[in-house]
Amino acid sequence: MIHVRFPDGAERQFPEGATGGEVAGAISKSLGKRAMALKANGVVHDLSSPVPDGATIEILTRDAPESLELIRHDAAHVMAEAVQEIWPGTQVTIGPVIENGFYYDFAREEPFRPEDLALIEAKMREIIARNAPITCETWDRERAKTFFRDKGEAYKVELVDMIPADQALRIYRQGEWLDLCRGPHGASTGGIGSAFKLMKIAGAYWRGDSSRPMLQRIYATAWANDADLKAYLTQLEEAERRDHRRLGREMNLFHFQEEGPGVVFWHPHGWTMFQGLVSYMRRRLAGRYQEVNAPQVLDKSLWETSGHWGWYRENMFQVQSAGDEAEDKRVFALKPMNCPGHVMIFKHGLKSYRDLPVRYAEFGAVHRYEPSGAMHGLMRVRGFTQDDAHIFCTDEQMAAECLAINELILSVYRDFGFGEIVVKLSTRPEKRVGSDALWDRAEEVMTRVLGEIEAGSGGRIRTGINPGEGAFYGPKFEYTLRDAIGREWQCGTTQIDFNLPERFGASYIDAESNRQPPVMIHRAICGSMERFLGILIEHYAGHFPLWIAPVQVVVATITQDADDYAHEVVTALRTAGLRVEADLRNEKINYKVREHSLAKVPVMLVLGRREAETRAVSIRRLGSRDQTGGSLDETVTALVAEATPPDLRQA
RNA sequence: GCUGGCGUAGCUCAGUGGUAGAGCACUCCAUUGGUAAUGGAGAGGUCGCGAGUUCAAUCCUCGCCGCCAGCACCA
């Protein structure tokens, strides 16, 4: 007999070798039916696994949170079976569970067509209805390889070879179909239920390697019940509604066109926001950083020295005189980064240790020739503006600088309404420059700083380590923020650089009159201003707080009798520093309200004869069905207060 | 860059081997109104670009460009 304990503390005995399924059935007939998997000592197992003696166990039904992964994993197998049933000869490869669903990669000459998804889905429902038991077998390697080789499953043979020799090969069978898989799985295909949906077809490289063949991936989502599926689909619609490319067009903020792939045409309202963001950042830098401006176009030799020409040449724009007769045949590059320019400025004239730290900031427009498939609205462009800065300091100053940067980054994010931040330290990669002693020192300092960041955050900041993810020239912190619908965006970064000062021979004179290389810290807060604006657009879904909104107030008249007063109101608001537009058109107020609501103008002041006579305004806020009244003077004061950027507000 | 899909008016989209349509937006006329579409009229397109097939191509074929989804990339 074996003893087991249940989560509620109850203990029971079962015959030696009893499986999870037998235990479930012994507890109650209905649990036996509903059981999906066995959880023993915190680990999920197949229901057919024997229960270990002395374990704390739980019988998982499909409502258990842990079961969702099983449902998705089972569904992936069923999808593979469905595809092979419809198109025999299609090879199956891998089909893991991912966030919100699963995918399976297939190898087949003929591409899947969008309309095939419905076909596959119907077949899946057929297979699920058959409700075949899912069983596990252990095969030896040769049997597995022979089996898959005979079936023409070359990728599976490769997978068998990749499994470490000391690990057992597990084969999961459902009806006539089987797959190599480490499990665990549910008890039968019927447990998958009906709350799933095939989402899209995409190409994906075998083993994520662009030098290997491209497979066809089918993405799907799956949930424990229809309500969860529906909620997920609604959430996707919500994300689509917030898409900054759509809002950028609807709100007339910017556009792209064919002649300029990946470069932004900023329209007046969009540029107002862009400049507002830059102004805000300038105020935040004032007193700590010196703003500089390095050239757009520099001789290729400088980029050879910096190392960019060697590493990133394919991604750089080369420029030359277009004239055939040009005397200067030199090759220049459009700057892809600001750092070499800043090092040049630092190097200009001797620097003393007394000058350090030197902090140069630039809103630097950079150009990178991004692969065509990488471009995505404002999020990934070929021409963008970095809120870049480089700090030249001594080794002793490094920690304090990192902490100061951290504080600045966090307070900026807070001002834009981002509460949850993750900071991760990326440590030395295999391929790197700089001595181990330098890396040891920098990582030691940054690890300490990371601890201080977490301790000083009062729980707001989560921290972590990305081992081996550092830049080749030094370790870095990466700042990730979470937007209103839970998506994560990596924006800020602080990077130590052992490479550039040395390559350019930058130095300062220390207290003993010796030349010393400075520590160089790169840092960005927004990262790309374009991308950050894209994130803000999606975060706020276009409903910007007053201080960010490109048009803060529209003054709309009901009749022409109010025109004179409307001009007065506009002047008063504008004098007070607000961004105002007047709508005196000969249209009904319903029409105007609708139009400005769709344009997401935060505040509408509606003026008719009544307001003109009493020097009042009728205020309608975006998203509100009703309106409030107020005097002109009070309203101006209140709006000015609300429109004041957070960094200028009196506490 | 790779795989697949797409490209028709400013926007959202119909459509056909015989050189094109709707709604909204735009212009003009009437209407001066009280918080999400007043009525009428008008104008607007080299159907992404270039070749080919055809008596005839927006439609079929090929190439290129761009966009979308995913993969790869992201100093």
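The figures here come from the full heavy-atom set of this structure, side chains too, leaving out hydrogens, waters and symmetry mates. Just so we're clear, the structure is a prediction, and the values are computed from it rather than from any experiment. So you know, we letter chains A, B, ... as the sequences are listed, proteins then strands, and number each from 1.
You'll find that the side chain of A:Tyr312 is closest to B:A75, out of B:C65, B:A75, B:G33. Of all nucleotides listed (B:G34, B:C71, B:C67), B:G34 comes nearest to the side chain of A:Arg610.
Here A:His376 reaches the OP1 or OP2 of B:A69: one of its side-chain N or O atoms lies under 4.0 Å away.
Rounding to whole angstrom units, NZ of residue A:Lys592 and C1' of B:U35 are separated by 12 Å. Here B:A72 presents its C1' atom at 5 Å from OH of A:Tyr205, a figure rounded to the nearest Å. Atom OH in A:Tyr591 sits roughly 11 Å away from atom P in B:G39 (whole-Å rounding). What separates NE2 of A:His255 from P of B:C67 is a distance of 12 Å, to the nearest Å.
Nearest-nucleotide positions on RNA chain B place A:Arg585 closer to the 5' end than the other of A:Arg585 and A:Arg594. Both A:Pro336 and A:Glu259 sit near RNA chain B, but only A:Glu259 has its closest nucleotide nearer the 5' end.
Among the heavy atoms of the strands, none lies under 4.0 Å from A:Leu215. Among the atoms of the strands shown, base atoms are found under 4.0 Å from some heavy atom of A:Ile558.
Taking atom P in both B:G17 and B:A25, the straight-line distance is 33 Å, to the nearest Å. Distance check on atom P: B:U54 versus B:C59 gives 16 Å, rounded to whole Å. One P atom belongs to B:C11, the other to B:U46, and the distance between them is 13 Å to the nearest Å. Taking the P atom of each, B:C24 and B:G33 are spaced 25 Å apart, rounded to whole Å.
Not a single donor-acceptor pair, N or O on each side, falls under 3.5 Å between the base of B:G5 and the side chain of A:Glu115.
Contact check for A:Trp489 versus A:Thr480: no side-chain heavy atoms found under the 4.5 Å cut-off.
Ion pairing between a basic and an acidic side chain is recognised when a charged N comes within 4.0 Å of a carboxylate O; A:Asp243 and A:Arg246 show no such pairing. One finds no salt bridge joining A:Lys476 and A:Glu469 here, because no Lys/Arg side-chain nitrogen approaches an Asp/Glu carboxylate oxygen to under 4.0 Å.
For the pairing with A:His244, the side chain to side chain donor-acceptor pair (under 3.5 Å) check across A:His539, A:Arg531, A:Glu538 returns one residue only, A:Glu538.
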Donor-acceptor pairs under 3.5 Å, side chain of residues 261-269 of chain A to any protein atom, not counting sequence neighbours: which ones?
unit_1	atom_1	unit_2	atom_2	d
A:His267	ND1	A:Asn252	OD1	2.7
A:His267	NE2	A:His255	ND1	2.6
A:His269	NE2	A:Glu581	OE2	2.9

